Every structure is written in structure tokens, then in C-alpha cells.
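Just the heavy atoms: all of them, side chains too, but no hydrogens, waters or symmetry mates, feed the values below. These figures come from a predicted structure and were not determined experimentally. Numbers restart at 1 for each chain; the letters A, B, ... are given by sequence-line order, proteins then strands.
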Number of protein chains: 2
Amino acid sequence: MNDVTERSRLSSIVEMLKVNTTASIAEIAETFRVSQMTIRRDLQKLVEAGQVIRIPGGARIEYWRGAERTFFERLEKMSHAKSSIGSAASALVRDGESVVLDSGTTTLHVARALRTRRNVVVFTFSLTVLEELTSAEHVRVELTGGVYRPSSHDLIGQAVAKSLSSIYADTVIFGAAAVSFTRGVMVHDPDAQCEMLNAGKRKVLVVDSSKIGTEATYRLCGIEDCDLILTDNGISPETLSRLRQTTQVQVAE
Amino acid sequence: MNDVTERSRLSSIVEMLKVNTTASIAEIAETFRVSQMTIRRDLQKLVEAGQVIRIPGGARIEYWRGAERTFFERLEKMSHAKSSIGSAASALVRDGESVVLDSGTTTLHVARALRTRRNVVVFTFSLTVLEELTSAEHVRVELTGGVYRPSSHDLIGQAVAKSLSSIYADTVIFGAAAVSFTRGVMVHDPDAQCEMLNAGKRKVLVVDSSKIGTEATYRLCGIEDCDLILTDNGISPETLSRLRQTTQVQVAE
DNA sequence: CAAGAAGTTGTTAATAAATAACAAACATTC
DNA sequence: GAATGTTTGTTATTTATTAACAACTTCTTG
């Protein structure tokens, strides 16, 4: 188990933790015949890389590696705006209703806020949303089928579309990369979300104000196709009134 | 946030961690206006209950509660037998082929062994299998749809059957709770696995030797329906020859 | 109701772990 | 081969964890 090499030790530590889940620093140091200080430094690197969790005196493997990391990184950004959007979106859903939830950071905040709901069914192709809701006792999560995509920790492919085609929920809550007045609601990846819009009655777009008035690669739908746009109070009055000419807009505090 | 009550503090701490994911001891102690020592003791209780993970100076919510814990507990048991079965099953799969993988501990070892394969497509309804394979670069995982079931960390419901009905893989690798000579291959929960058997050409049953000759609640299929039974060398010669009268049996070393 | 048992909590002291700072060893680059 | 950067080990310092005890509450029981 002892690599004479220097830096492949890092991956060996990860492999070691994959097997045993946890290991103490003393244990790891002994395995590789190095000082505990070295292991401490290694573990710190692995923590930064999102590969392991530090526990007192040792370390533990981090599941959903990579995914978890970007999840938390991104969750930090704009988090106040997004969490207020999340709460507001959650308030639109009544107990007993069903919701289709998009993959993405803003919708993740919606998932977070939905945890306190009772008797709600959430359809999603995002594993992050699933994780967020597993600890919620009274929320049922139904995952669509699909091919796992590590980069965004969700499912894609025709199986997603197929699964969604047999669903008709009360509300669809989806995010966007940009909202353009001329080109409509835009996303970076058109595959996933397309079918989603037909999977429910009320279509709610959740998007932070910084994205309104910008553009992205693909057009998902028109602004008029959204029954409600939910954004934060960073939106300028002009933009808001212009948006309101087309559809209903709610500003979350 | 400060409960005057004593022990409901425990669940409040969990709630707090569900929101913020992590919290320091000082922070928690201040929130509840108690000493850090009290919080330390609380956290220790929660760690024992599997609700939180202890990190230096604080705590973190345990995701996949229950699932993760029992998963590793069970993984330990029989692990040599099961990992040899896993390697042998993995060897049956050629690079480029597709596999349907059941949920369960034995099949999890198969997943683990499949990580080194290239260009393999794995269909599964087990999130544990997905987790096991997310770090594998050259293995594509396709999840069926379904309702998330926390107890076994997998998906169930008619969506699973529906997803599987549109799949025809090269090999189906499935586990069982018991193999009875009179009643055939038996499981504890008939819902999940039924459709799976029709989702591929070659049907391989992976089962540790201790389960052969026992019985469980539901009959899944007959022994003759398996193209191959893969078990460990704990099987007795009599049982082995008796099984071989019905179908092909491979013993993993 | 008083005595006592069982449980919580806070304080203190002792131990263990984490951090920071520095110096030695090694590899790299120019 | 001198300069630079990286990795590692050692030490001292700070911080966190544990253990032990005393004060207090609560609940039981005679």
C-alpha cells in the first residue's frame, strides 16, 4: 500500500477511504510511512478538492464528489437573493400538490424551502434536488430516468423526456441562464428542460435579477410562455415594468 | 430558535444543520444559550443516532442517513465472498456491453468491480450503484425513473418497470434474498426486480452461498430461468451438484 | 413530603488534535 | 551550480476534545 511516489499518495488516500469510509490520521500516516503533518496537509488538499470530509483525528470519504463541491461553491453566490426566491417559490406550492423541479442552483433553493412542506410530490431529474429532499419526511421525490451526468449531477437523455411526458404536475418550477426581451427565456443546454415545460399546468420561472436582460446560447421558450416569473429585488424598476407588459412578475424580498 | 425545553434541542440542532449543512460548536451553543460542553454531548448523541457527522470544532448533517450507514455495515459482512462474486460477475461483462444491475449489497460489489471496465453502460434503479460508479470515467450509468425509497436508497414504483420495459441489455445481474430448490429464486420485495428480468438477454444471479437452500417471502422466478448462478466457494458440493442439475453454476474463488 | 435515584448541565483540569512557523531535503529551471 | 519552488518533518502555540466532578433539576418511591 505504500507508494514510494509522492503525490499519488493523495489518490491512494482517497481509495483507502472509499473502502473504509473513515480513517484516522495516525493510521494513514503509518500506512504511507510519513509524518502525521504530511497527512494533515494532504487531507486539507483533499478537503479543498471536495474529495473528503475532515473529522476529528481523521477523515471520511465525501460522496458525490465534485458535485457536492460545486454545489456548495455555487450555493454561496447570490445566496440571499436565491434563497428568498426559493422561499417565495415554495410558498406558491400548496400542501398536497405536485411540482416539477428543474436542475440548477436557484431551483435547489426552492427544493430547500420545500422541505417544510407536507404531502408534496416533487418530480425532478436533478440528484442534488433529490439529496436536498431526502431528509424531508413528508416530501416524496420521484426521479425521472436518464443518463447520469457528473458535471451537473443530474440526468439527461431521451429517457428524461420520456419520463416527463407521462407526468402532469400542478406546477413546473424551472430556472434559466438568461432572460432576453428579444429572444425569450434562454439556457445553456436545451436538452434537459424542453420537455419539462409540458409536464405541468402552471409554469414558474425562477431567475435571479442579474440574469434578466442578458442572453445565452439556446432559446427555451418565450417570456409569454411563463405564467409567472419570480425574481429578487435587485431588478430595476424599468426592467420590471417592461417584463410586466408580457407576463406576471413577482419580486421576492 | 431557542427552545426553553431541554431535549427538543437535539432535533433543533438537526434542523439547524439541515439548513446550513455545517455549524460550529460555538455557534450552536450560542444559539441555544447553553455551554459548549452541552452541545458536545448533544452532538455525540446525534452521531450515535447517525444523524450528524462530527467535524473538527463543529458538526455537519449526515445525508443519506440510514442508507449509507446500513450500506457499509452490510458491506462488511461476507465481504470477501461477495467481492469475489463481484469480480467474477464483472469478468462476465465485456467492454462495450450493457448491463442491468439490481439494487443490493452483492450487486454493489459487482458495481465496484465494474469500475475498471471501459465503455460499459449500466442500467440501474439503485442510487448506491450510481454512487459507486460516478467516479468511474469510462462507465456510463443510466438510472431508471422512480420514487425514491430512503430505506434501501433506491427507486421503486411503476416508473421503474416502465423504464426497464424499454431496455434490452446484454446482461442482467441480479441478487436474491434466498434460493429455494422447491420455490425458486426468492426476494423480500417483489416490486422492483420483476421487470428487470425481461430487460436483458443473459440473466445472471449473484448470491452468496449462505442464501442457497433458504427461503424468503416472494418468488421472483424459477432457478431454471437463470442462465447462470454465480456464488462463492462456501457452497457445499451436494448443493452445488443439485443446483447444476437445473442450470449453469459458477463458483467464484 | 422528604430521601434518593437518575439525568442534565456547567466548570475545571488533563489530554489530544489542529495550526503556524521554521528549517531541511529534494527537484526544477535557467 | 545558484536560485526558485515544492515537499516534508520538527517544534511551539493555539484550539478542540475528553474526563471528572459538583451543582442542579426531575422523577420516583417509601
Checklist outcome for this item: When rounded to whole Å, the CZ to P distance for the pair B:Arg9 and D:dT25 reads 16 Å

Checklist entry - Under 4.0 Å between a side-chain N or O of B:Thr38 and OP1 or OP2 of C:dG10? => result yes

Table of protein N/O atoms under 3.5 Å from nucleotides 22-26 of chain C N/O atoms:
none

Checklist outcome for this item: Taken in chain and number order and not counting sequence neighbours, the residues that satisfy side chain to side chain contact (heavy atoms under 4.5 Å, CB included) with A:Pro190 are A:Tyr218

Checklist entry - Taking atom P of C:dA18 as reference, at what distance in whole Å does atom CD1 of A:Ile53 sit? => result 15 Å

Checklist outcome for this item: Students should find that the end-to-end axis angle of the helix from C:dC1-D:dG30 to C:dC30-D:dG1, with five pairs defining each axis and rounding to 10 degrees, is 20°

Item to check | side chain to side chain contact (heavy atoms under 4.5 Å, CB included), paired with A:Leu101, selected from A:Leu108, A:Thr171, A:Leu114, A:Val93 | outcome: A:Leu114

Item to check | By salt bridge (Lys or Arg N to Asp or Glu O under 4.0 Å) - contacts of A:Glu215 (at least two apart) | outcome: A:Arg183

Next on the checklist: According to side chain to side chain donor-acceptor pair (under 3.5 Å), who are the partners of B:Glu253, at least two apart in sequence or on a separate chain?
Outcome noted: B:Asn233

Item to check | salt bridge (Lys or Arg N to Asp or Glu O under 4.0 Å) against A:Arg41, all qualifying residues, sequence neighbours excluded | outcome: none

Checklist entry - Between A:Ser35 and D:dT8, does any side-chain N or O lie under 4.0 Å from OP1 or OP2? => result no

Next on the checklist: Could you tell me how far apart B:Lys45 (NZ) and C:dT8 (P) are, to the nearest whole angstrom?
Outcome noted: 5 Å

Checklist outcome for this item: For B:Arg94, the salt bridge (Lys or Arg N to Asp or Glu O under 4.0 Å) test, sequence neighbours excluded, returns B:Glu97

Item to check | With sequence neighbours excluded, residues passing side chain to side chain donor-acceptor pair (under 3.5 Å) with B:Asp154 | outcome: B:Ser103, B:Arg149, B:Ser152

Next on the checklist: At under 4.0 Å between heavy atoms, how does the protein contact nucleotides 13-18 of chain D? Give one character per nucleotide, 5' to 3', with B, S or -.
Outcome noted: ---SBB

Checklist entry - Under the side chain to side chain donor-acceptor pair (under 3.5 Å) test, which residues partner A:Ser35, sequence neighbours left out? => result A:Thr38

Checklist entry - Listed by chain and number, what are the side chain to side chain contact (heavy atoms under 4.5 Å, CB included) partners of B:Ala89, not counting sequence neighbours? => result B:Val110, B:Ile173, B:Val206, B:Leu230

Item to check | Distance in angstrom units between B:Ile39 CD1 and C:dT8 C1', rounded | outcome: 13 Å

Checklist entry - Under the side chain to side chain donor-acceptor pair (under 3.5 Å) test, which residues partner A:Glu27, sequence neighbours left out? => result A:Ser24

Checklist entry - Would you say the side chains of A:Asp232 and A:Ser84 form a donor-acceptor pair under 3.5 Å? => result no

